[in-house]
Number of protein chains: 2
Amino acid sequence: MQKTLVNSIAFAIRHYRKAQNMSQEELANRSGLDRTYISGVERSVRNITLESLEQIITALRITPAVFFNLATRDNDNDVSNK
Amino acid sequence: MQKTLVNSIAFAIRHYRKAQNMSQEELANRSGLDRTYISGVERSVRNITLESLEQIITALRITPAVFFNLATRDNDNDVSNK
DNA sequence: TTGTGACTTCTAGTCCGTA
DNA sequence: GTACGGACTAGAAGTCACA
């Protein structure tokens with residue numbers, strides 16, 4: 001099954017957020033985006049723009065290079081993994 | 001001066017398009033987007049979404065990993081460089 | 001072959017709520 | 001703490017004529 005970019009980015013956001021024990025609400029506040037929107041992005045139901053994505057990456061305190069490196073690894077970032 | 005993600009992605013798209021001697025029109029046709037839209041994205045005046053970006057990356061016949069690897073290198077992808 | 005302004009349609013993103 | 005819904009506004013998608 002083909003993974004879309006939206007799926008990959010969603011996975012990476014959730015991964016780096018949880019790695020810092022950060023809540024969706026905290027990420028929302030830090031990035032200046034809405035909490036329900038962060039929720040939608042992580043569930044791959046939202047098609048985010050580059051500007052908003054950059055705000056999230058910055059809020060995660062990582063660089064775009066680090067972020068996309070994980071996001072575009074082609075090991076399947078499966079939702080079933082804890 | 002701070003480079004935005006929009007700038008980096010714009011640079012990478014133009015880079016890989018030109019590397020294949022592909023015109024904006026050809027890239028537009030291959031990606032299913034409008035030629036003037038591609039033009040806007042390459043000039044960083046459009047804030048593209050992930051779905052549109054994925055169409056472009058696919059049309060460039062490269063993987064997201066390869067694409068973002070170039071896009072997020074932090075050597076300044078300066079417009080003044082030929 | 002590409003840049004640009006102007007435009008309409010559609011969706012990104014917000015804000016309110018419920019479970 | 002998160003998912004999900006409805007209603008709304010800002011801004012992206014998508015196209016055209018012309019330089």
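Throughout, a chain's letter reflects where its sequence line sits, starting with A, and its residues are numbered from 1.
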With sequence neighbours left out, the residues meeting side chain to side chain contact (heavy atoms under 4.5 Å, CB included) with B:Val45 are B:Arg43
Table of protein N/O atoms under 3.5 Å from nucleotides 15-17 of chain D N/O atoms:
unit_1: D:dT15; atom_1: O4; unit_2: B:Arg46; atom_2: NH2; d: 3.3
unit_1: D:dC16; atom_1: N4; unit_2: B:Thr36; atom_2: OG1; d: 2.9

Per nearest nucleotide of DNA chain C, the residue lying toward the 5' end, B:Glu42 or B:Thr49, is B:Glu42
If you assign B:Gly40 and B:Asn47 each to the DNA chain C nucleotide with the nearest heavy atom, which residue ends up on the more 5' nucleotide? B:Gly40
Euclidean distance, [Y] [atom2] relative to [X] [atom1], rounded to 0.5 Å:
{"X": "A:Leu50", "Y": "B:Asn47", "atom1": "CG", "atom2": "CG", "value": "6.0 Å"}
{"X": "B:His15", "Y": "B:Phe67", "atom1": "NE2", "atom2": "CZ", "value": "10.5 Å"}
{"X": "A:Ile57", "Y": "A:Ile13", "atom1": "CD1", "atom2": "CD1", "value": "7.5 Å"}
{"X": "A:Arg30", "Y": "A:Ile38", "atom1": "CZ", "atom2": "CD1", "value": "11.5 Å"}
{"X": "A:Ile48", "Y": "A:Gln55", "atom1": "CD1", "atom2": "CD", "value": "8.0 Å"}
{"X": "B:Glu51", "Y": "A:Thr4", "atom1": "CD", "atom2": "OG1", "value": "7.5 Å"}

At under 4.0 Å between heavy atoms, what does A:Ile48 touch on the DNA or RNA strands: base, sugar-phosphate, or nothing? sugar-phosphate
Does any N or O in the side chain of [X] come within less than 3.5 Å of the main-chain N or O of [Y], such that one atom is a donor and the other an acceptor?
{"X": "A:Ser31", "Y": "A:Ala28", "value": "yes"}
{"X": "A:Glu54", "Y": "B:Leu5", "value": "yes"}
{"X": "B:Gln20", "Y": "B:Leu60", "value": "yes"}

Under the salt bridge (charged side-chain N to carboxylate O under 4.0 Å, His left out) test, which residues partner B:Arg17, sequence neighbours left out? B:Glu42
If you take any heavy atom closer than 4.0 Å to DNA chain C, which residues from residues 17-24 of chain A end up in contact? none
Whole angstroms only, please: what is the [atom1]-[atom2] distance between [X] and [N]?
{"X": "A:Gln55", "N": "D:dA10", "atom1": "CD", "atom2": "C1'", "value": "14 Å"}
{"X": "A:Leu27", "N": "D:dG1", "atom1": "CG", "atom2": "P", "value": "13 Å"}
{"X": "B:Glu25", "N": "D:dG14", "atom1": "CD", "atom2": "C1'", "value": "16 Å"}
{"X": "B:Leu50", "N": "D:dA12", "atom1": "CG", "atom2": "P", "value": "14 Å"}

Give me the atom names and distance for the closest heavy-atom approach of B:Thr72 to A:Ala65. OG1-CA, 3.4 Å
Quick one: is A:Ser39 getting a side-chain N or O under 4.0 Å of the D:dT2 phosphate, OP1 or OP2? no
Bounds of contact between DNA chain C and chain B, in 5' to 3' order, using a heavy-atom cut-off under 4.0 Å: C:dT2 to C:dA12
Determine, step by step, whether B:Met22 and B:Lys18 satisfy the side-chain contact (heavy atoms from CB on, under 4.5 Å) criterion, reporting the C-alpha distance in whole Å, the side-chain angles of both residues, the deciding distance to 0.1 Å, and the verdict. CA-CA 6 Å; B:Met22 194 185 296; B:Lys18 292 210 159 188; over 6 Å; no
Tell me the bend of the helix from C:dT2-D:dA19 to C:dA19-D:dT2 as the angle between end helix axes, each from five pairs, rounded to the nearest 10 degrees. 50°
